[in-house]
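Okay, so here's the structure we're looking at.
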Amino acid sequence: MDRQRVGGSDTNPIYRISETANGQSRDKYVVGDTGVAFDTLEAAEAAARELDALTPPRR
């Protein structure tokens, strides 16, 4: 598995993960450390924007 940063923000970076199974290579896009994978970069960018818009909890 190969991981390369392809976008996002400082708080929610987007990584392209290349997986190979049964001789076929497939790219997935993961937002930060969420562990959630998307099939397209556009979907990952939308998720990163939503996460950036969230207000952090008060301490």
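Throughout, residue positions are numbered sequentially from 1 according to the sequence presented. Basis for what follows: all heavy atoms, side chains included, without hydrogens, waters or symmetry-related copies.
- By the criterion of side-chain heavy atoms lying less than 4.5 angstrom apart, applied directly or through intervening Ile, Leu, Val, Met, Phe, Trp or Tyr residues, Ile17 is not grouped with Ile14; the two fall into different hydrophobic clusters.
- Atom CD in Glu45 sits 11.5 Å away from atom CG in Asp52 (nearest 0.5 Å).
- Geometrically, Arg3 engages Tyr15 in a cation-pi contact defined by less than 6.0 Å to the ring centre and at most 45° from the axis.
- Leu51 and Val30 fall into different hydrophobic clusters, defined by Ile, Leu, Val, Met, Phe, Trp and Tyr side-chain heavy atoms under 4.5 Å apart, directly or through other members.
- For Arg26, the CZ atom is loosely surrounded, since the number of other residues' heavy atoms within 6.0 Å does not exceed 12.
- Here the closest heavy-atom approach between residue Asp27 and residue Ser18 is recorded as OD1-OG, 2.8 Å.
- A pairwise comparison of heavy atoms in Ala47 and Phe38 identifies CB-CZ, 3.5 Å as the closest pair.
- The backbone N or O of Gly23 sits nowhere less than 3.5 Å from a side-chain atom of Thr20 that would complete a donor-acceptor pair.
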| task | Decide yes or no on side-chain contact (heavy atoms from CB on, under 4.5 Å) for Val31 and Val36, but give the supporting numbers first. | result | CA-CA 7 Å; Val31 178; Val36 178; over 6 Å; no
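- Taken from OG1 in Thr40 to NZ in Lys28, the straight-line distance is 10.0 Å, to the nearest 0.5 Å.
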